Structure formats: structure tokens, C-alpha cells
Q: 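The structure's right below; bear with me while I get my questions together.
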Amino acid sequence: ISGAVQGAGGDMQWCLSQAKGSLDDDVTEADIISTLEFNHTGELLATGDKGGRIVIFQQEIENKRQPQYRSEYNVYSTFQSHEPEFDYLKSLEIEEKINKIRWIPQKNAAHFLLSTNDKTIKLWKISERDKRPEGYNLKEEDGRYRDPSTVTSLRVPVFRPMDLMVEASPRKVFANAHTYHINSVSVNSDNETYLSADDLRINLWHLEITDRSFNIVDIKPANMEELTEVITAAEFHPHQCNTFVYSSSKGTIRMCDMRASALCDKHSKMFEEPEDPSNRSFFSEIISSISDVKFSHSGRYMMTRDYLSVKIWDLNMESKPVETYQVHEYLRSKLCSLYENDCIFDKFECCWNGNDSMVMTGSYNNFFRMFDRDHRWDVTLEASRENSKPFQVIKPRKVCAGGKRKKDEISVDSLDFNKKILHTAWHPQDSIIVVATTNNLYIFQDKMN
Amino acid sequence: LAQAEKMELDLDIPSSLVQSDGHLRRSNSAPMINGLSDNSQVFQREVLRSRRNSTTVVNRPNMVVPSSPIRVPSTRLHQIKQEEGVDVMNRETAHEREVQAAMQMSQSWEESLSLSDNDLEKSASSSPKRIDFVPVSPAPSPTRGIGKKQCFSPSLQILVSSNGLTPSPIPSPTRRFSRRSQSPINCIRASILGPIKRKGEMETESQPKRLFQGTTTMLSSDVSNLSDLSSCHSPDLLDGSLSSVSSSTGSPGKMEGVSPSSSNSPFASLQDLSPK
């Protein structure tokens, strides 16, 4: 078992708090979770799925004053964000799958989020209603109009409490700005603008303005034959509103400064690690493709996820990452098979914990990995109903790469590559993590919260 | 040794794709057909298999030869080059051909698998000779939906109309996904029961999975809220009976007549295991 119990990460004991989803092994495709995002306080957790639906969970904490409080996430709102559409001009379907959800920092009682599918971004307002007017003169309580002749006296309607109702309404629709598939949205720290990135272009929007956006990055060459890479992810810097980064399918990250020019095709920094010649193979470029990029909360670092590893970059050093963590190095010798079954193209995401001391990402067989940066400690855990009981600390797992398999280890060949964890999220303040398997959502809490 | 190193991929690989020496043959371009057991319309997205993971592989029958050793990588880069490179007319023709082939294949599957007695009616309504290119759904204007509120009641755990009245739970027939889950109202306590198989009691082959069972069946214990957490922690829960939780909360008769909910609803309540 890797990770002697030392340091912060080693002290953590994760217990399964909740598991949401069908007990069926038969997965309804529409319910497959495609994105996961906590809001800035962690009180709300939004999930988007392939069917275009968004479900928001709200954290409810019991025994808040006690050191070992438990919190639970329950459904707060559910709504259909995107519908399938058809592009008649290109004879192509537009999937309603939600690719990304990003919360807008809260300014008033209502919550706002951006959700996007391949083509259209929507700004949703989620607000609560817990009072309703009662005592109308001309209407019955159920809304039917009364016969005016039966009205003999007048009264003033009053607000009475009602069961909490959560309303989701689309406030803005940002459409028709992307020729290719949108892979990222990112809200700027100025709280006024946001960017949306597709395979070849990045646009800058104002949250209030839907009929136009500025194109700030365009990597489409005049001759498409010359196209060698696509944009895979983009994000604004958490504090510097002029700075954003975008990653590519060739393993590079470019940082751009919007003050430098209107069109940021020329990057101000380019982060790329030279390839290790001993590891070169036919698949080198494919596995170097970055599937996710995330700034640390501090803004000093950024993390990238490629197929086999997680890399932490210091924004001041472009030549190589400061830390590299192997997620599942045992797959390097299996790349051919993984190419055959398309798994090599899986896009894993990654996330930071609240104080940037730990990072997490998913793997196969419903395994996920956590790395403690300060104490050089890592662990493999499993999201599974069978192996988890409430309040029981979940056991670390270990994969046997070759040779003699020890008792609790699982061999590489027994891994289930259909069970992949692509989306994980870490509560911004508490020691709560959420992990999405194909058809279930697992919420773990640190026992020593 | 070769056996031990062979990777068990645990996928639905038709045996025709596995060669005699156990290695996978390269897949051909035919879309994998699934999801045919229900009565949803013939033109199904799954049949087209036009998207996989988050990248799109568009295998055009006239461009990819099944036995070809060269396979188009499933990267966005290649797909974009493909889409831009081929002129629109060819692409549309290829797409139509692909759709037609897929429809024919799904037709022949449906006809051979159908349990319906009324074969006449079926074949009349879905002739394989017709080449109607029916789009999956109309392309609505991008401004559609502005101002349309969707209201959800956390206490009832259902969608409600904005004036507070509960609408009919029957989903619109024009919705493309005919199978849909309820909101994830229930959490599965981890103690549970690993191997509860709820499929057996609900599914008959001729019956499509119906997820909207109506509002009353789903309520079960999830009116339980935080005050019930202490009872949730009781050992009673460990045998996985959610109904025992709800009865201890005294929730008003909502469990009466509740069928252990549809196995087809994700996030549905657990099967009632309490001794009868």
C-alpha cells in the first residue's frame, strides 16, 4: 500500500458519504455524467449529463458545531439545459450533452451558471421561491378565475410561506459563435466577461451581451492541410483578468495576455516539456494531448492532465513542469490495445483541493488517484458500492503491473476499461470529494473533517 | 503467459471481431447497434454511432473498407480535417448513405427481434425501402427557451410548474431520449447490498423502459431530510431497507402502494427488503 501514514494526505481517511445513481448495471446513456462542478463556496454541486440535463445538489450540514460533522448533498434543482438540435447546413447533429458548467461568483440571492454543449452557451439563473401571494380577489387559489359576480368583498393579497421551489430560467443564450465543438468555458475574475473555446478558436464574451463576441485566438490555418493541433482546453487566470491559457492536442500550453494585442495568436508564454526520447512511440503524440488544464487557486501554478500523467507547472517556468505524477504508468505498455478500443482518447479531468496541497484525477476500473504535493504521497482509491460501507475508511487499491501479484492487488489485465472516472471535483473548502463513474456519483468525506 | 498478458477489455465485442488467437481484429466501420429493444423511433442516435467519448468518429461507408488495416484515428484533428476537406455535396451524400445503411440495419434487427404479434402493422409503418431522411429533432431557433422557467421542488423532488401546480408527469412525446431518469432523489447508502438485482421484476422484453412512473411512486423516503439522518445511521439501514427509514420518520402514508421503484429509474429508491 503506497503512502506511509505521514503528512496531511496520509492522515486523510476517506469514507463514502453518499452514492447517487442507479443500481442497474445497464446504463441509460442520457444519464451519463459529462461534467461536474462545485460552486465557489461548495454549497452547490452541479452535474451535467449526456441528455442535456443539469442537476444541482445542495449541501446540508448536520451538527455543524461538532468537529466531525457530516454533510449531505441532496437534489436542489433539476432542469433541461440543452436540447438536441440539427444543423441543416452541414447535415450534422448537435448533441445536447453538457460539456462544461461554470458557476458565476454569487452577487445576490440567486445563483448563476454557464452551461454549454458543442455549440451554444447558456446563462442560467437559479433562484428560490419560498413565498407565494395568496388571497387574490379575482382568482381562486388554483389559478382559475372566479366569476366576478360572486365577489362581494375585497381583500389584499398577502405573501404566505410555501414549499421551497427552485426556479431555473435561461437568462442569456450565446449562440452561433462557434464553428467547431466547444470544449471549455471560463469565467473571468472581472466577473463581467468569459471565454469559450472550441477546437480552433477562442471567443471572449460579455455576460450581458449575446449578439456578439470577440475572437481572441484563432489557430485555423488558411490551408487546412497545415493543421497539426487543436485546442483542447482553456481557462482564465483566477486573479489576473488579462491572462488566460489554452492547451493543445500536442501537449503544449500557451499563455496569452489580452493587453498585448486584440488577437492573441501570439502567445506570451509557451509551456512544453521536451519529449523523453526513450519513451518515444507511435502513440507519443496522442498520449501527450492535454485533456484538462486548471489553474491553482493561488494562481501561481497550473495543472495539466495528459493520458498517463498529471503535471504541475510553475507559471514562471516554461521549460518543464515542476512536478509530474504518474496516474497509471502501467498502461504505457498497453497503448496499442488502448488505441484499438479508443480508450487512448479518453479525456480525463483533474482538480485541486482548496489549498492547492493536493490534486486528484480519475483512472480506469473506477479508480481515482490523489497526490499530496507537499509530502510526496499518493493513493489509489476506488469508487465502488460493493467495497464501501458508510463511515468505513475506504481501502487504498494497488495495481500490479507485472510479475507476482500480491494478495489485494489487481492485475492490469483485469482492469475494466469501461469503468472510467473522467470527472472529479474537490470541495473548495471542506474535505469532500465527488467522483463520477459512468452512471453513479460518489461523494466521499474525510473522516477527520 | 500470453493468456495472462492478454488484456480483458470487458467490452461488448462481438465474437466476430475476436480472432482465433484471441487478439482483437480491427473493427469495421459498421456502427454498433444497440438500444433496439424499445419501441422508439427507428432513427436513433445510437444506431448512427456518430459520437464516441467526446470525440467524433465519422466512418463513412464509402471511405472505410472493413478489412482495411488503416484506421482513422479518433482525434478531433483528423475529424476536422475530414469535414473541411471533403466538399459539402460529397459529405451530405456520404452522410445520407450512412444513415440509410444504418436504418436498414436497424430495420432488419428490429424485424427479427420484434416480439410484437402485429408484424403487418409494423412492416407497414417502417418499410426499409423508404429513404426518408428525418432529422432527429427540429432545429429550434437559438433564442428559444428564453424566459421559460423550469421549476423544481426540492421537497417533492419533482418538476413543478411555475405557478406551483404539479404538471402531468408524462414527458413530451417529441423528446428524443425516450428513456430518462428521475432526478437523483435517493442516495444509496453504501452499506447496501451490493448485489441487489432489481431488473428481474420489472423488465419484460416487450415493455420499453418507462422511467416516469408518475410522481407518487417515487416519493418513498426521500421526503426524509436532515432530521432523519440520525435514523439513517441506525443499523436498520444496513440491511438496505429504505422503507424502514421512512416509516420511522412517519412520513404520511406515501409508501402505501409504492412499487419498489422501477429499476429503470436511476437514483430511485432501493428495493424494499423488509420482511413481509
Side-chain angles (χ1 to χ4, degrees), chain A residues 16 18-24 28 30-31 51 55 60 62 75-80 84-86 88 91 93 95 120 132 142-143 162-170 173 175-176 180 199 224 227 229-230 249 334 337 340-342 345-347 385-386 388-390 413-414 416-418 439, chain B residues 5-11 24 50-55 74-77 80-81 84-85 92 95 135-137 139-140 142-143 145-147 149-155 157 160 162-165 176-177 179-181 183-185 187-192 194 196 198-199 226 229 263 266-267:
Chain A
L16 179 63
Q18 291 170 278
K20 294 189 174 296
S22 163
L23 287 175
D24 262 354
T28 309
D31 297 327
V55 180
E60 283 155 20
E62 63 158 10
V75 179
Y76 174 71
S77 173
T78 183
F79 57 94
Q80 189 69 28
E85 291 175 29
F86 195 77
Y88 286 105
S91 292
E93 268 185 54
E95 266 196 352
T120 305
R132 56 187 263 187
D142 60 8
M162 60 179 252
D163 277 344
L164 178 66
M165 196 160 71
V166 181
E167 299 175 338
S169 55
V173 177
N176 300 326
Y180 304 97
D199 301 292
M224 282 301 271
L227 184 66
E229 59 183 344
V230 295
S249 54
K334 311 283 184 190
S337 312
E340 293 277 319
N341 63 17
D342 271 358
F345 303 106
D346 286 334
K347 294 190 188 334
R385 268 178 277 116
E386 278 108 45
S388 315
K389 291 181 168 48
D413 300 324
S414 310
D416 187 345
F417 289 85
N418 279 334
N439 55 339
Chain B
E5 284 173 351
K6 184 182 72 144
M7 184 185 281
E8 279 173 35
L9 295 173
D10 200 18
L11 298 172
L24 287 176
S50 62
R51 289 183 72 85
R52 248 186 303 182
N53 299 328
S54 47
T55 59
S74 305
T75 60
R76 269 308 276 165
L77 179 70
I80 289 172
K81 281 184 155 176
E84 302 273 324
E92 284 223 18
H95 191 60
V136 172
S137 68
T143 53
I146 282 271
K149 281 189 200 176
Q150 299 180 53
C151 299
F152 182 84
S153 166
S155 55
Q157 298 285 305
V160 294
S162 53
N163 64 0
L165 299 173
R176 191 166 55 80
F177 272 117
R179 307 140 60 116
R180 204 64 173 97
S181 66
S183 302
I185 57 172
C187 74
I188 302 165
R189 295 291 176 177
S191 60
I192 297 149
I196 295 276
R198 286 144 67 238
K199 274 173 145 161
L226 277 183
L229 272 179
S263 61
F267 313 121

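Every chain is numbered from 1 and lettered A, B, ... according to where its sequence line falls, protein lines coming before strand lines. Just so we're clear, the structure is a prediction, and the values are computed from it rather than from any experiment.
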Q: Looking at residues at least two apart in the chain, or sitting in another chain, which of them share a side-chain contact (heavy atoms from CB on, under 4.5 Å) with B/Leu77?
A: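 Partners of B/Leu77 under the side-chain contact (heavy atoms from CB on, under 4.5 Å) test: A/Leu227, A/Val230, B/Thr75.
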Q: Distance from B/Lys149 atom NZ to A/Met165 atom CE, nearest 0.5 Å?
A: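 Taking NZ in B/Lys149 and CE in A/Met165, the distance rounds to 8.0 Å.
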Q: Using every non-hydrogen atom in the two residues, find where B/Pro154 and A/Val166 come nearest and quote the distance to one decimal.
A: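 Here B/Pro154 and A/Val166 meet closest at CG-CG2, 3.6 Å.
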Q: If you look at every heavy atom in A/Tyr76 and B/Phe152, which pair is closest and at what distance?
A: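 Residues A/Tyr76 and B/Phe152, closest heavy atoms: O-CD2, 3.3 Å.
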Q: Distance from A/Glu167 atom CD to B/Cys151 atom SG, nearest 0.5 Å?
A: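 The CD atom of A/Glu167 sits 4.0 Å away from the SG atom of B/Cys151.
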Q: For A/Glu229, what residues pass the side-chain contact (heavy atoms from CB on, under 4.5 Å) criterion, not counting sequence neighbours?
A: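 Per chain and number, A/Glu229 pairs via side-chain contact (heavy atoms from CB on, under 4.5 Å) with A/Ser248, A/Ser249, A/Lys250, A/Thr252, A/Arg254.
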Q: Using 0.5 Å steps for rounding, measure from the OG atom of B/Ser155 to the CG atom of A/Asp163.
A: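 Here the interatomic distance stands at 4.0 Å.
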